[in-house]
Amino acid sequence: MSTIAANLQQIRQRIAQACQQAGRDPASVQLLAVSKTQPAQAVAEAVAAGQRCFGENYVQEGVDKIAALRAMGHGGLEWHCIGPLQSNKTRLVAEAFDWVHTVDRLKVAERLSAQRPDGLPPLQVCVQVNVDGGANKSGVTPAELPALAQAVARLPRLQLRGLMAIPEPAPDEATARAVFGRVQALWQGLRADGLALDTLSMGMSDDLEAAIASGSTLVRVGSAIFGARTYPAR
Ligand SMILES: *Cc1c(COP(=O)(O)O)cnc(C)c1O
């Protein structure tokens with residue numbers, strides 16, 4: 001078995017165990033393999049081990065990798081854009097990706113909707129919320145969230161699926177759960193206001209257990225699957 005296949009098996013076990021401890025169905029948590037900075041060959045190894053959904057942070061790198069995997073015969077994968085989005089990159093994202101987790105401004109959402117090609121299903125989106133950070137961190141504030149979510153939900157070529165968050169690393173599990181719990185409460189509030197949300201994108205290699213305890217439905221795991229990233233973020 002390849003290292004990637006073994007790592008994937010281990011992550012699936014961690015997810016299953018965290019679900020069991022939380023009294024949740026393991027099928028209620030999806031695994032997104034974060035392949036940023038990793039070569040197409042590493043993605044192909046994960047595909048061979050049964051993984052179908054991949055997350056990329058850098059738009060051009062993601063677009064190139066999607067094309068590379070397709071050329072390798074892997075056309076049926078699901079690609080999620082999880083990096084910060086600039087307005088001048090929205091067309092590439094709307095044309096190449098299936099999901100975007102990092103919508104935090106209406107302008108970007110409007111461009112994605114307008115640029116989504118007619119032949120493709122609606123782009124699946126999460127609004128990124130900043131529950132713990134300073135002003136220079138990505139994500140909408142909890143106060144601004146309801147208005148943005150309602151506006152995004154009305155855009156014709158987007159389907160709003162839920163919320164995404166990247167809290168600061170917490171000093172302990174209880175703190176991590178509390179922060180993730182704030183995101184879950186915001187998500188439940190939007191659902192109570194009538195939005196049909198089913199996705200709570202939170203939890204990474206180091207904190208997926210706390211995220212699952214607080215209701216995550218999608219964990220984004222990179223280094224625990226693919227190993228340390230070999231070149232730095234640009
Ligand atoms: C890189 C990244 C991840 C994966 O982080 P790991 O700690 O390697 O699991 C998850 N989410 C986002 C938004 C990322 O940028």
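Start at 1 and go down the list; that is how both ligands and their atoms are numbered.
Residue-level proximity to ligand 1 for N57 is carried by the side chain, the only part with a heavy atom below 4.0 angstrom. Counting heavy atoms closer than 4.0 Å to ligand 1, residue I166 contributes side-chain atoms (C-beta onward) but none from N, CA, C or O. Only the side chain of K36 comes within 4.0 Å of ligand 1, judged by heavy-atom distances. Looking at M164 against ligand 1, only its side chain comes within 4.0 Å, counting heavy atoms.
Numbered from 1 in the order shown, with element, the atoms of ligand 1 that lie under 4.0 Å from a heavy atom of V221 read 9 (O). The I82 neighbourhood of ligand 1 comprises atoms 11 (N), 12 (C), 13 (C), 14 (C), with distances under 4.0 Å to a heavy atom of that residue. Atoms of ligand 1 found under 4.0 Å from any heavy atom of R229 (numbered from 1 in listed order, with element): 1 (C), 8 (O). For ligand 1, the atoms closer than 4.0 angstrom to any heavy atom of R220 are 4 (C), 9 (O), 10 (C), 11 (N), 12 (C), 13 (C).
Proximity of V43 to W79: side-chain heavy atoms (C-beta onward) are separated by under 4.5 Å at one or more points. Using a 4.5 Å cut-off on side-chain heavy atoms (C-beta onward), H101 and C81 make no contact.
L77 and D98 make their closest contact through O-OD2, 3.7 Å (heavy atoms, listed as atom of the first residue, atom of the second, distance).
Closest heavy-atom approach to atom 7 (O) of ligand 1 within the set G203, S223, G227, A33: this belongs to S223.
Checked against a 3.5 angstrom limit, the closest N/O atoms of G222 and ligand 1 fall inside it.
The single protein non-hydrogen atom nearest to atom 6 (P) of ligand 1 is S205 OG, 3.5 Å, given as residue, atom name and distance. Scanning the protein heavy atoms around atom 3 (C) of ligand 1, the nearest turns out to be M204 SD, 3.6 Å.
The existence of a salt bridge linking K137 and D132 is confirmed by a sub-4.0 Å separation between a basic side-chain nitrogen and an acidic carboxylate oxygen. Of the charged side-chain nitrogens involved, none lies within less than 4.0 Å of a carboxylate oxygen, so that K36 and E56 do not count as a salt-bridged pair.
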Margin query: What verdict does the side-chain hydrogen bond (donor to acceptor under 3.5 Å, both in side chains) test give for R229 and T37, after you've listed the backbone C-alpha separation in whole Å, the side-chain angles of each residue and the deciding distance to 0.1 Å?
Written below: CA-CA 6 Å; R229 286 180 278 276; T37 81; 4.9 Å; no
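Counting only N and O atoms by type, the side chains of E144 and T141 include a donor and acceptor under 3.5 Å apart.
Note on ring orientation: taking the six-membered ring where Trp is involved, the planes of H80 and W99 are parallel (angle under 30°, cut-offs 30° and 60°).
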